[in-house]
Q: 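One structure follows; several queries about it will come next.
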Amino acid sequence: MANRIPRVPVREQDPAERATNFEEVCFGYDAEEAKLEASRCLNCKKPRCVESCPVHVDIPGFISKVAAGEFREAAMVIANDSSLPSVCGRVCPQESQCEGSCVLGVKFEPVAIGKLERFVGDWAIENHDAIPAPQIERNGKRVAVIGSGPAGLACASDLSKLGYDVTVFEALHEYGGVLVYGIPEFRLPKERIVAKEVEAVRNLGVHFEKDVIVGHTMTVDDLLDHEGFDAVFVGSGAGLPRFMGIEGENLNGVFSANEYLTRANLMHAYDSHYDTPIYQGRKVVVVGGGNVAMDAVRTAKRLGADAVIVYRRSEAELPARVEEVHHAKQEGIEFRMLTNPVRVLGDESGKVRGLECVEMELGEPDESGRRSPKAKEGSNFTIDCDVVIMALGTSPNPLIKSTTKGLETNRRGCIVADEEGRTSREGVFAGGDAVTGAATVILAMGAGRKAAKAIDEYLQGK
Amino acid sequence: MFEIVSKRELAPNIVEMKVHAPRVAESAKPGQFIIVRTDRFGERIPLTICDYDPSEGTVTIVTQSIGLSSHKINDMNVGEAFADFAGPLGRPSDLLDLPSDVLKGKKILFVAGGVGTAPVYPQVKWLKEQGVEADVVIGAKTKDLFTYVDEMRSVGNVYLCTDDGSEGFHGMVTGLMKDLIDNQGKEYDHCVIIGPMIMMKFAALTTKEYGIPTVVSLNALMVDGTGMCGACRVTVDGETRFTCVEGPEFDGHKVDFDEAMRRQNMYRDNKKTHPETENCKCNG
């Protein structure tokens, strides 16, 4: 096989240095590196990478353009299927999607599809004048999109391209949902990347309105009956944090990862120019093993704390992206696997002074296919710390369900929708974490796109 | 943007503002709150709605200057606009759920303290509109610190008390509440208390002595105000609840006030820090 060029390594900030700042960890490829890496693609006849991408980006198509140095054309190929390439190139779990199914990966390293997508997305942001704004004829029909996260942005983009008049309603004061409040600056720059990709959606003709909490400020019924919308897409995410229900969780110094990250990301609490405070810890323990746990622990490290991950299963079961775990370790995060908290200990003034844990061992695989952890009796021990952050997952906010007539939800509070996003209520569609519970950016985008198609079919038939 | 259409100082450091926020004014109900942010650097600050007028499209807030953000709010002037004004948030007062015949038979006491007086007003006003006249106890340290007394008198029976005896009953709200019940023949079957946490704690202990069902409105720390962060966790009847979505009103006899007060001071001695200076290695 001719492909003897090794995967082009990507430049990153030095771990010791980056553990003290909030600048982006990965620098990404420059044009020469991107062209070289792109030349490794075999351009398979039946590209498995495209199949395993939830939004089916034409991966060999855009990579061949990159290899030829035609970056504008590459951006236009991606834009057919994704409105957020700079985001997805940074936060998608490529190892279990496109890159995980790359044929090259069988014998060698897979093509760095994520890094190439990021390169093209960033090139398009820097050269936005080079890409002509599409001329879209409006069809006079109006769609309301609730939530400006990945599902909402993807749905709004597709609908606007089809000619619909789309308004996105956001509860918070910045657009982007989890991209803004959840994922840290050092992984996904807010002004340079997220705001620009939102701007690109706005340039498709999509309207945005902030500070609107659907369910409080207006209801879904108001949107359909009084505000003149013909259909509604609910992409309100899974915003409610879970706690363990153990003793001491309301002590001063215990936070949900959502709170800690929202303070740092949405409110810029790490920046002295902003007013919002963030609780400064000497030693911070983060409970959980997902991407959110990694984001929280690396944020704590950057704020000057000794930072520890406590996870009840073993390293093999960590649900976080491989790259995040790798980066966290490089930055000096301590990983305590097979460890589970049993209570938070407080001092006489009600502040956290430690976390009592038990050692765990793995038993038989459970329904998720992962081996279920069991506590070793009598193995209790205490980790001294002054901050505990719970990163145990989230569930959908019940607000929209409780204020919308005839909208079915399941036992876990998720909105019931079919594969195309149709809910039990006519004219109301849903997708993303609001339907699936906490998942990934790209799955939410995929759901938003499918719903856009279903909304189009529904409104065509009306 | 959410323009300030009027502003007046009610008492030293206590400022009332009417803000143009038509969508909020349209949906607001007594007992709910909003989140305000002054500018792009500002905190998201929860404030209880003090009045609302859907025809004008305005919502009234009252803020006491205590910390950085409340000063920033009160330093803004008519014609300027808040960056954000989101709401209405939280659950409306439970009184709104009562059938009108039940409501009309209710003997309701409101107890207000400090900056908590203004948020009592929309509830008393709403009751008056339903044909129910409520008693309102308003407490202040001294007579110059009273706010919203005239407004309140126009909708309910007002009883004043001051710590220093400069106006009305000489003593705390708890003393006046006992006086009304023990000496003035008053009977109540529902009480709503809004004010500083410490006042709500002791006023609720007083109503407990008399067996009067009691509601308090908690002003917990919040970030998003929509249920996302859990900063506003409070223990009620042994269970953790989120003030922003399950409150702000809770059963005053079941709230763990000591925990709530401790959590309210979470950031008092944990100063805002900046990583670039905090991690500076230049001192060796």
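Since we're looking at a predicted model, the values are computed, not measured. Here is the naming used below: chain letters follow the sequence lines, and residue numbers restart at 1 for every chain.
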Q: More than 12 non-hydrogen atoms from neighbouring residues, nucleotides or ligands closer than 6.0 Å to NZ on B/Lys254, yes or no?
A: no
Q: Could you go through B/Phe41 and A/His268, starting from their C-alpha distance and side-chain angles, then the distance that decides it, and tell me whether this counts as side chain to side chain contact (heavy atoms under 4.5 Å, CB included)?
A: CA-CA 8 Å; B/Phe41 300 108; A/His268 301 266; over 6 Å; no
Q: May I ask you to decide if B/Thr226's main-chain N or O and A/Asn397's side chain share a donor-acceptor pair within less than 3.5 Å?
A: yes
Q: How far does NZ of A/Lys210 sit from CG of B/Asp84, to the nearest 0.5 angstrom?
A: 3.5 Å
Q: More than 12 foreign heavy atoms under 6.0 Å from NZ of B/Lys7: is that the case here?
A: yes
Q: So for atom CD, which belongs to A/Gln330, do other residues, nucleotides or ligands contribute more than 12 heavy atoms lying within a distance under 6.0 Å?
A: yes
Q: Flag the one option from A/Thr219, A/Val212, A/Leu240 with the top tally of heavy-atom pairs under 4.5 Å to chain B.
A: A/Leu240
Q: Look at B/Gly230, B/Ala231, B/Ala28, B/Ser69 and state which one has the largest set of heavy-atom pairs under 4.5 Å with chain A.
A: B/Ala231
Q: Could you give the distance from OH (A/Tyr279) to CE (B/Met266), rounded to the nearest 0.5 Å?
A: 7.0 Å
Q: Quick one: do A/Thr262 and B/Asp224 satisfy side-chain hydrogen bond (donor to acceptor under 3.5 Å, both in side chains)? Show the steps, please.
A: CA-CA 8 Å; A/Thr262 299; B/Asp224 62 286; 5.9 Å; no
Q: Should A/Leu251 and B/Arg262 be marked as a side chain to side chain contact (heavy atoms under 4.5 Å, CB included) after you check the CA-CA gap, both sets of side-chain angles, and the distance that decides it?
A: CA-CA 9 Å; A/Leu251 289 165; B/Arg262 164 169 59 70; 4.3 Å; yes
Q: Can you spot which of B/Glu43, B/Arg44, B/Arg37 makes a side chain to side chain contact (heavy atoms under 4.5 Å, CB included) with A/Asp275?
A: B/Glu43
Q: What's the shortest heavy-atom distance between B/Ala86 and A/Ala171, and which atoms?
A: CB-O, 4.5 Å
Q: Heavy-atom distances under 4.5 Å only: say whether A/Glu227 touches chain B with side chain, backbone, both or neither.
A: side chain
Q: Can you check side chain to side chain contact (heavy atoms under 4.5 Å, CB included) on B/Gln32 and A/His216, steps first, answer last?
A: CA-CA 10 Å; B/Gln32 291 186 295; A/His216 275 313; 4.0 Å; yes
Q: Give, as side chain, backbone, both or neither, the part of A/Tyr260 having an atom under 4.5 angstrom from any heavy atom of chain B.
A: neither
Q: Backbone N or O of A/Asn252 within a donor-acceptor pair of the B/Arg263 side chain at under 3.5 Å?
A: no
Q: Show the nearest heavy-atom pair for residues B/Val223 and A/Met267, with the distance to one decimal.
A: CG1-CG, 4.0 Å
Q: Go through A/Gln280 and B/Tyr267 one step at a time and tell me if the side chain to side chain contact (heavy atoms under 4.5 Å, CB included) criterion holds.
A: CA-CA 9 Å; A/Gln280 188 73 8; B/Tyr267 290 88; over 6 Å; no
Q: So, B/Arg23 and A/Glu209, do they make that salt bridge, N to O below 4.0 Å?
A: yes
Q: Quick one: closest heavy-atom pair of B/Pro88 and A/Thr217, and the distance?
A: CD-CA, 4.0 Å
Q: Can you tell me which of B/Val245, B/Leu89, B/Val24 forms the most heavy-atom pairs within a distance under 4.5 Å of chain A?
A: B/Leu89
Q: Contact part of B/Phe242 toward chain A, heavy-atom cut-off under 4.5 Å: side chain, backbone, both or neither?
A: side chain
Q: B/Lys29 versus chain A, heavy atoms under 4.5 Å apart: side chain, backbone, both or neither?
A: neither
Q: Using a 4.5 angstrom heavy-atom cutoff, name the option from A/Ile213, A/Asn250, A/Asn258 with the most pairs to chain B.
A: A/Asn250
Q: Between A/Val254, A/Leu261, A/Thr394, which shows the greatest number of heavy-atom pairs under 4.5 Å with chain B?
A: A/Val254
Q: Give a yes or no on whether B/Glu129 atom CD has more than 12 heavy-atom contacts from other residues, nucleotides or ligands under 6.0 Å away.
A: yes
